[in-house]
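Sequence lines set the chain letters: A, B, ... in the order given, protein chains first and strands last, and positions in each chain run from 1.
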2 protein chains.
Amino acid sequence: MTSEKLDRRKKYTRMVLKDSLLKLLKQKTFSSITVKEICELADINRSTFYAHYQDPFQLLETIEDEIIADMRKYLHTYNLQEKEDALRMTEKLIQYFSAKHEELQILLNKSGELSFERKVRHVAEQFMMNKMTSEEKNTHLPEYVSKFIISGSIEVLKIGYLRDVRNHQKKWRS
Amino acid sequence: MTSEKLDRRKKYTRMVLKDSLLKLLKQKTFSSITVKEICELADINRSTFYAHYQDPFQLLETIEDEIIADMRKYLHTYNLQEKEDALRMTEKLIQYFSAKHEELQILLNKSGELSFERKVRHVAEQFMMNKMTSEEKNTHLPEYVSKFIISGSIEVLKIGYLRDVRNHQKKWRS
DNA sequence: AACTGTCTGTTGATTATCCAACACCGTGTT
DNA sequence: AACACGGTGTTGGATAATCAACAGACAGTT
C-alpha cells in the first residue's frame with residue numbers, strides 16, 4: 001500500500017474525470033471519446049487531466065482496477081464466515097453486482113475489450129470456490145456450478161435487468 | 001456590473017458552500033449552523049470559506065440576493081409583453097415559485113428573519129403592478145388584488161404544497 | 001478555579017489548478 | 001498544393017485552495 005496522501009483537490013478532480021468518462025461511455029464508443037470532451041463535461045482544465053492520466057485509456061484502466069479492488073474487498077468481508085452454502089454466496093455476489101450495476105453495466109458492455117470481464121469473472125470465481133472443502137473440489141461439480149452462476153449473473157447484468165431482479169428479491173426469499 | 005472574472009475553482013467553491021448551507025437549513029436553525037459544519041459538508045477547507053465570505057450570515061445574504069436577482073430577471077423577460085392580463089401574470093409568477101420551490105421554501109421558512117420574504121413580495125408586486133394603466137392605478141383595486149395573490153402564493157409555497165399545485169396546473173387550465 | 005473540548009478567525013508555506021499560448025499532427029476543403 | 005479546422009500534448013506564470021498551526025473565546029465538567 002503506497003499510502004497516497006490525497007489532497008481534496010486531487011480527489012475531486014479524479015472523481016469528476018471518472019464520472020465524466022463513464023457518462024460519455026453511456027453515449028458513445030470509447031475510441032470516439034476525446035480528452036477535451038472529458039474535461040469539458042467535468043469542467044476541469046485539460047492540462048489538469050494530463051497531470052493525472054496519460055490518456056483516456058489509462059483513466060479507463062484506473063476505473064476498472066478500482067472496481068475490481070472494491071469488489072474483491074467487498075466479497076472478502078463475506079469470505080470470513082465459514083462454510084456458507086452456495087446459495088448465500090450467490091446472493092452476496094448478486095447483491096454486489098446490483099449495488100454497482102450502473103458502472104458495471106457500462107464497463108462490461110463497452111464491447112471490444114473484454115479484459116475487464118475476465119477480471120470480474122476471475123474474482124467472482126475465486127470467491128465462490130474459496131470455501132469449498134478439498135473433497136468437494138475433487139469432484140469438478142462446484143467449478144461448473146460457479147461458472148454457470150457467474151456467467152448467468154454477468155449476462156443478465158449486461159442486459160440491464162439486474163435492478164429488477166433486486167427489486168423482486170424479497171418476494172423470492174419467502 | 002463589476003465584471004467578476006470567475007475562475008472555475010471559485011465558481012465551484014461558492015457553489016458547494018451555498019448548497020451546503022441550504023442543505024443544513026433543511027435540518028437545523030440558521031444560528032445553530034457553524035462554519036466548520038458548512039465546510040465539512042462541502043468538503044472545503046475552512047480557511048477557504050473565509051476567503052469568500054465573512055461568516056455564514058454573509059453567505060446566506062448572498063444566496064438570497066442571487067435568488068432575488070434571478071427572480072427579477074426571470075419576471076422581467078415576461079414584463080416585455082404589453083398588457084398581459086392578470087391571470088397570465090399570476091401564472092408566470094407561480095411558475096417561477098414552482099421552479100425554485102426547493103430554495104425558496106427553505107429561505108422563506110427560516111423563521112425570524114423575514115427580510116427575504118419582504119424582498120420577494122416587493123419584486124413580485126412590482127411585476128404585477130408594472131403593466132397597469134394609470135387609470136387602473138387610480139383605483140386601488142389592482143394593488144389589493146396583487147397583494148392577495150402574492151400572499152396566497154407565498155403562504156402556499158411555505159407549506160410546501162406548491163409542487164402539487166404545479167402538477168395539477170394543467171387540469172385547472174382547461 | 002483549573003481543565004476539556006469545540007469553534008473561531010487568521011497566518012505562512014506548499015501544492016494543485018487554471019489559463020493562455022504554443023507547435024504539432026491528421027483530416028478534410030477549396 | 002495551400003489552407004482551415006480541431007484535437008493533442010506541453011509549457012510558464014498567475015491564482016486559488018490546501019494543510020497545519022496558532023491564540024483567543026466560550027460552555028460545560030470536575
Run the side chain to side chain contact (heavy atoms under 4.5 Å, CB included) test against [X] and tell me which residues pass, sequence neighbours left out.
X        : answer
Glu66(B) : Lys18(B), Thr62(B)
Asp70(B) : Tyr96(B), Lys100(B)
Ser32(B) : Lys28(B), Thr29(B)
Lys26(A) : Glu102(A), Ile106(A)

Phosphate contact (dT6(C) OP1 or OP2) by Thr34(B) side-chain N/O below 4.0 Å: no
Send over the distance from [X] [atom1] to [N] [atom2], rounded to a whole Å.
X        : N       : atom1 : atom2 : result
Lys10(A) : dC18(C) : NZ    : P     : 14 Å
Arg8(B)  : dC18(C) : CZ    : P     : 6 Å
Lys36(A) : dC19(C) : NZ    : C1'   : 15 Å
Lys11(A) : dT15(C) : NZ    : P     : 18 Å
Asp7(A)  : dA13(C) : CG    : P     : 19 Å
Tyr12(B) : dT15(D) : OH    : C1'   : 18 Å

ring-ring contact (aromatic ring centres under 6.0 Å, His included) contacts in which one or both residues fall within residues 9-29 of chain B, not counting sequence neighbours: Tyr12(A)-Tyr12(B)
Residue pair Lys36(B), Glu40(B): steps toward the salt bridge (charged side-chain N to carboxylate O under 4.0 Å, His left out) verdict: CA-CA 6 Å; Lys36(B) 196 189 176 206; Glu40(B) 276 170 357; 3.8 Å; yes
DNA chain D contacts made by residues 38-64 of chain A, counting heavy atoms under 4.0 Å: Arg46(A), Ser47(A), Tyr50(A)
Touch class at under 4.0 angstrom, heavy-atom based, for Arg9(B) against every strand present: base
Is there any protein nitrogen or oxygen under 3.5 Å from a nitrogen or oxygen in nucleotides 25-28 of chain C, and what are the pairs?
none

Under 3.5 Å donor-acceptor, Asp65(A) side chain and Ile68(A) backbone: no
Residues in salt bridge (charged side-chain N to carboxylate O under 4.0 Å, His left out) contact with Lys11(A), at least two apart in sequence or another chain: none
Partner residues of Tyr53(B) under the ring-ring contact (aromatic ring centres under 6.0 Å, His included) criterion, sequence neighbours left out: Phe49(B)
